[in-house]
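All values below were derived from every heavy atom in this structure, side-chain atoms included, with hydrogens, water molecules and symmetry-related copies excluded. All ligand and atom numbering here is 1-based and tracks the order in the structure.
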Amino acid sequence: MSENRLHIDWTACDGRGLCAELLSEILVEDEWGYPLARDGAVEPAVPRALQKNAKRAVDRCPALALRLVNS
Ligand code: SF4
């Protein structure tokens, strides 16, 4: 079965770290406030249990820099 992954558009992200707060299970903030995947993936997988939180982070990103993609 395909799974959702979180795509971060680095050219749009303005590094306020909101997504790392909303999705702390998947993301951490780097020292400048930009989100990094805890597992080091470029597009970290979003477990089923976190789909809702991920959707919320996507909807709240002020720079529209987050997107859920299917792989
Ligand atoms: S919420 Fe959006 S703009 Fe803010 S750090 Fe995350 S991806 Fe970047």
Please say yes or no: joined through hydrophobic side-chain contacts below 4.5 Å, possibly via intermediate residues, are Leu23 and Leu68 part of one cluster?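 In one cluster with Leu23: Leu68, yes.
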With the side chain counted from C-beta on, respond yes when [X] and [Y] share a heavy-atom pair under 4.5 Å apart, and no when they do not.
| X | Y | result |
| --- | --- | --- |
| Val46 | Gln51 | yes |
| Arg16 | Pro62 | yes |
| Val69 | Asn4 | no |
| Ile26 | Pro35 | no |

Close-contact set for ligand 1 against [X] heavy atoms, below 4.0 Å:
| X | result |
| --- | --- |
| Arg16 | 4 (Fe), 5 (S) |
| Cys19 | 1 (S), 5 (S), 6 (Fe), 7 (S) |
| Ala63 | 3 (S) |
| Pro35 | 5 (S) |
| Cys13 | 3 (S), 5 (S), 7 (S), 8 (Fe) |
| Gly17 | 4 (Fe), 5 (S) |
| Leu66 | 7 (S) |

If we check side chain to side chain contact (heavy atoms under 4.5 Å, CB included) with Leu66, which of these qualifies: Leu22, Leu18, Asp9, Val58?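 Between Leu66 and the candidates, side chain to side chain contact (heavy atoms under 4.5 Å, CB included) is satisfied uniquely by Val58.
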Students should be able to answer this: which protein heavy-atom is nearest to atom 2 (Fe) of ligand 1, and at what distance? Cys61 SG, 2.3 Å
Counting non-hydrogen protein atoms only, what is the nearest one to atom 3 (S) of ligand 1? Give residue, atom name and distance. Asp14 OD1, 3.1 Å
Should we say atom CH2 of Trp10 is surrounded by more than 12 heavy atoms from elsewhere, each under 6.0 Å from it? yes
